[in-house]
Structure formats: structure tokens, C-alpha cells
Amino acid sequence: MPTPKKGPRLGGGPAHQRKILSNMTASLIEEEQIETTLAKAKVLRPYAEKIITKARRGDLHARRLVLRKIQNTEVVTKLFDEVGPRYADRPGGYTRIIKLGPRRGDGAEMAKIELV
């Protein structure tokens, strides 16, 4: 787990930021694309790519490492059975961020992050 960045975080503290990233990664794997703010998408990308790289290995130790970060067993099963083998010959770059423009309510820059 990378150390949370200094200064303002996505959540209230480092533990909240870890849970946000865990839940967003689970949603990304389950739905294969999610719509979020650009700042969250930029923080999520390296986190999700490291988890997908572990899923490419496919062994028990990698599964247990991923289960530490994502506690949803159905999502981890999909990750290791479908998503990991899909990227077996790809050296990296499993996600894509597409900017969507400002959100209507508060003007936050929105983005869609999806699996390639």
C-alpha cells in the first residue's frame, strides 16, 4: 500500500482515503468503468493497475495480497478469473481516463475511468 499523499486527501484521513480507493477499485473491476472526479481518477489509476498486475500472476499469494486491499470476494474472483487473464500479454496500461467536463452542481471536473 503506498503511503497516502501529504496535505489534503480524498477523504478525511489516510484510512478513509484507503477505503475510498478500495471501494472505487472494486466498482471499477465490477462495472469495468466508473464516472468520478478527475482528481479521484488520477489517484485511482496507479492503485488499480498494481492490483491488476497482481491478478495477472494468479497464484494464491497474489490473491491474498489483493484480498487485503479489496475485501469483496466476488470482485476478487472476477478479477482473477476474467480480468487478470485478459491482460496476460499486456505489460501495463490497463486503464484509460476520459475527461467529461465540469459537473453541473459544483463545477468539479469529471472523468470516466475504464478498463482498456
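In this text the structure is predicted, and so the values were computed from the model without any measurement. No hydrogens, no waters, no symmetry mates; every other heavy atom, side chains included, goes into these values.
Remark: Arg90 engages no residue in a salt bridge (Lys or Arg N to Asp or Glu O under 4.0 Å) (not counting sequence neighbours). Under the rule for a salt bridge (Lys or Arg N to Asp or Glu O under 4.0 Å), the partners of Glu32 that lie at least two apart in sequence or sit in another chain are Lys78, Arg86. Partners of Arg63 by side-chain hydrogen bond (donor to acceptor under 3.5 Å, both in side chains), not counting sequence neighbours: none found. By the salt bridge (Lys or Arg N to Asp or Glu O under 4.0 Å) test, Asp89 is found to be paired with no residue, residues two or more places apart in sequence or in another chain being considered.
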Side-chain donor/acceptor pairs under 3.5 Å, residues 20-27, sequence neighbours excluded:
{"unit_1": "Ser22", "atom_1": "OG", "unit_2": "Lys69", "atom_2": "O", "d": "2.6"}
{"unit_1": "Asn23", "atom_1": "ND2", "unit_2": "Lys19", "atom_2": "O", "d": "3.3"}
{"unit_1": "Thr25", "atom_1": "OG1", "unit_2": "Leu21", "atom_2": "O", "d": "2.7"}
{"unit_1": "Ser27", "atom_1": "OG", "unit_2": "Asn23", "atom_2": "O", "d": "3.1"}

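Note: the hydrophobic cluster containing Leu79 also contains Leu67 (ILVMFWY, side chain heavy atoms under 4.5 Å, direct or indirect links).
In terms of heavy-atom proximity, Pro85 sits nearest to Asp81 at CG-O, 3.5 Å. When all heavy atoms of Ile97 and Ala111 are compared, the pair lying nearest together is CG2-CB, 3.9 Å.
In this structure, the side chain of Tyr87 engages the main chain of Val116 through a donor-acceptor pair within 3.5 Å. A donor-acceptor contact shorter than 3.5 Å links the side chain of Glu49 to the backbone of Thr95.
Taken to the nearest 0.5 Å, the CD1 atom of Ile34 stands 10.0 Å off from the CD1 atom of Ile29. Taken to the nearest 0.5 Å, the CG atom of Leu100 stands 5.0 Å off from the CD atom of Glu35. Here the straight-line distance linking atom OH of Tyr47 with atom CZ of Arg18 works out to 9.0 Å at 0.5 Å rounding. The CG atom of Leu28 sits 10.5 Å away from the CD atom of Glu30 when rounded to the nearest 0.5 Å. Rounding to the nearest 0.5 Å gives a distance of 4.0 Å between CD1 of Ile70 and CD1 of Ile51. The structure places CG of Leu65 at 9.5 Å from CG of Leu60, a figure rounded to the nearest 0.5 Å.
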Inset, instruction - Check the pair Ile113 / Leu44 against side chain to side chain contact (heavy atoms under 4.5 Å, CB included), numbers first and verdict last. - result: CA-CA 9 Å; Ile113 182 166; Leu44 176 65; 4.1 Å; yes

Legend entry - side chain to side chain contact (heavy atoms under 4.5 Å, CB included) evaluation trace for Val83 with Tyr94: CA-CA 10 Å; Val83 178; Tyr94 316 115; over 6 Å; no

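The neighbour count for Arg57 CZ, taken as heavy atoms of other residues, nucleotides or ligands under 6.0 Å away, is above 12.
Annotation: side chain to side chain donor-acceptor pair (under 3.5 Å) contacts involving residues 96-116, sequence neighbours excluded, comprise Arg96-Glu114, Arg103-Asp106.
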